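No hydrogens, no waters, no symmetry mates; every other heavy atom, side chains included, goes into these values. Just so you know, these numbers come straight off a predicted model, no measurement behind them. The chains referred to below are lettered A, B, ... by the order of the sequence lines, with proteins before strands, and numbering in each begins at 1.
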There are 2 protein chains.
Amino acid sequence: MRASDKAYAALRDDIIEWRLLPGTVLAEVEQSERLGISRTPLREALSRLTAEGLTTAAGGRGVVVTDISLEDIDELFELRETLEGRAAALAAERGDPATFDALRRELLEAPELIGGQDPALHDYYCLVGRLDAAIDAAISNAYLVQAMRSLRVHLVRVRRLAADDAARLTAAAAEHAAIAEAIAAGNPRLAEAATTLHLHRSLSHVKATHIPH
Amino acid sequence: MRASDKAYAALRDDIIEWRLLPGTVLAEVEQSERLGISRTPLREALSRLTAEGLTTAAGGRGVVVTDISLEDIDELFELRETLEGRAAALAAERGDPATFDALRRELLEAPELIGGQDPALHDYYCLVGRLDAAIDAAISNAYLVQAMRSLRVHLVRVRRLAADDAARLTAAAAEHAAIAEAIAAGNPRLAEAATTLHLHRSLSHVKATHIPH
DNA sequence: ACAAGGGGTTTTGTATACACAAGGACGCGG
DNA sequence: CCGCGTCCTTGTGTATACAAAACCCCTTGT
């Protein structure tokens, strides 16, 4: 693996996991020494982070980790609703019903995973990830997929803020199952509606648990 | 201006204006010598181009200019309809009616510009650009605006393919005026519908004039 | 006392040199 | 004549050295 990729992944994880808090300045020499690489690959990593919006270039003073305010979360979910709603509708039109029906059945059994400890929770997150991947594959639109990908980076960062209690996760699993069911049924409007419902519930939960700043 | 910015702008223009055709390999030393800069800033420029999707890293053999097929154009407009439709609806909800009413009046007078020569045509394109900018400002959603921005780069590239005849431009001006009118009226659904109509007409025109490959 | 300008320090931007990996061509052997 | 191996070329990936620019602070003048 290239050194620049390693630096990018490390910094990206540090930012997403809130080990590098918003406002932190990332000086090039400092970070390159911390990660044990040279400035050149580190600069490429910082460029990629800035392109994604995780950092912003503060002229002459290095790059700083971007902040996420409550208004940002609202805007984020507004775009997310637009993109994922359309994605669900397109998946309902073009996807393979059998695939999503299988996912629906798995999601209905998910509450058992949620009750368990950490490894089971990881399995649940993988299951949700597989639903996202199935939707991505079904819509067969590279541009739409990429737009959603660039969103997910920020969403993971927001998700870390919310306390993922078992009650919310159980409800979310049911909502995901409803989305999968609508897609399997080939009903675009229903799929979009189910997605809208799920996202509004998620947003409410995030805003309710994390009252800050 | 930084050398990397200059290189980025030059390469971006070369690709958008089809002076660098799809499939062209951009070797680092070759391009750095052509632009009169060193490899380091050129690499940053290539990274930004690749992040935007204008080029793709062809493992170990430099980066190549990405191709745009007819399927790509379909996918591009599918995403565009999703984003700009939502943007128009949000602008209708949140925008200042007076701003868009003024734009509507200007757009109705646009056919006079279209008949003229090149400088008048440039004025027309500026007018359409101002409508886009007004929508961007009205929706006040940085994430949605950025998603549309990353789309517009590819759209400009496609637009260069289509022969912009006067008849189509006149019709497009009327469609734009309809969008502005719907936003000024504060009617989100109408604004979205007008946008959908305009984009479908644009797509049809592009596909009709440019039958390839 | 406050503001404006200048110098020092720090940090980024650029250039170049080197290492490594991949691809192709040439030559050798079967 | 064909196939395979090795060498050479070419290109990217990384490190480091140098230059320019921005910021901070100190000084000085009003």
Side-chain angles (χ1 to χ4, degrees), chain A residues 1-16 18-67 146 149-150 153, chain B residues 1-16 19-67 142 146 149-150 153:
Chain A
M1 179 187 274
R2 294 184 301 178
S4 61
D5 289 344
K6 192 161 60 74
Y8 167 76
L11 286 172
R12 182 172 169 276
D13 269 17
D14 283 345
I15 294 175
I16 287 178
W18 296 85
R19 288 188 292 267
L20 286 174
L21 297 178
T24 306
V25 295
L26 302 177
E28 294 183 358
V29 289
E30 167 198 7
Q31 294 299 317
S32 64
E33 287 174 0
R34 183 173 76 93
L35 298 173
I37 61 174
S38 180
R39 275 184 58 210
T40 309
L42 184 95
R43 278 177 67 88
E44 188 187 320
L46 289 179
S47 292
R48 284 163 68 178
L49 290 172
T50 302
E52 282 183 294
L54 261 52
T55 57
T56 55
R61 191 80 174 217
V63 303
V64 300
V65 180
T66 52
D67 192 15
Q146 178 169 347
R149 259 196 227 296
S150 62
V153 180
Chain B
M1 178 186 269
R2 295 184 301 179
S4 61
D5 290 344
K6 193 161 60 74
Y8 166 75
L11 286 172
R12 182 172 170 275
D13 269 18
D14 283 344
I15 295 175
I16 287 178
R19 288 189 293 266
L20 286 174
L21 296 178
T24 307
V25 294
L26 302 177
E28 293 183 0
V29 288
E30 167 197 6
Q31 293 299 315
S32 63
E33 286 174 1
R34 182 172 77 93
L35 299 173
I37 61 174
S38 180
R39 277 184 57 211
T40 309
L42 184 95
R43 278 177 68 88
E44 188 187 321
L46 290 179
S47 292
R48 283 163 69 179
L49 290 172
T50 301
E52 282 183 292
L54 261 52
T55 57
T56 55
R61 193 78 173 201
V63 302
V64 300
V65 180
T66 51
D67 192 13
Q146 179 169 347
R149 260 197 225 297
S150 62
V153 180

*A:Leu42 CG to D:dG13 P, straight-line distance once rounded to whole Å*: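 Going from CG in A:Leu42 over to P in D:dG13 covers 16 Å.
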*Just wondering, do A:Leu21 and A:Val65 contact through their side chains at under 4.5 Å, heavy atoms?*
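No - every pair of side-chain heavy atoms lies 4.5 Å or more apart.
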*Does a side-chain heavy-atom distance below 4.5 Å link A:Leu42 with A:Leu11?*
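The answer is yes, as the side chains (C-beta and beyond) meet within the 4.5 Å cut-off.
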*Got a second to check how far B:Leu54's CG is from B:Leu26's CG, nearest 0.5 Å?*
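The distance works out to 10.5 Å.
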*Between B:Arg149 and B:Gln146: side-chain donor-acceptor atoms closer than 3.5 Å*: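 Side chains of B:Arg149 and B:Gln146: no pair found under 3.5 Å.
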List the atom pairs, with distances to 0.1 Å, where a side-chain N or O of residues 44-53 of chain B and a protein N or O form a donor-acceptor pair under 3.5 Å, not counting sequence neighbours.
{"unit_1": "B:Ser47", "atom_1": "OG", "unit_2": "B:Arg43", "atom_2": "O", "d": "3.1"}
{"unit_1": "B:Arg48", "atom_1": "NH1", "unit_2": "B:Asp5", "atom_2": "OD1", "d": "2.9"}
{"unit_1": "B:Thr50", "atom_1": "OG1", "unit_2": "B:Leu46", "atom_2": "O", "d": "2.9"}
{"unit_1": "B:Thr50", "atom_1": "OG1", "unit_2": "B:Thr55", "atom_2": "OG1", "d": "2.9"}
{"unit_1": "B:Glu52", "atom_1": "OE1", "unit_2": "B:Tyr8", "atom_2": "OH", "d": "2.5"}
{"unit_1": "B:Glu52", "atom_1": "OE2", "unit_2": "B:Tyr8", "atom_2": "OH", "d": "3.2"}

*Just by protein heavy atoms under 4.0 Å, how would nucleotides 10-25 of chain C read 5' to 3' in B, S and -?*
--BBBBBB-----S--
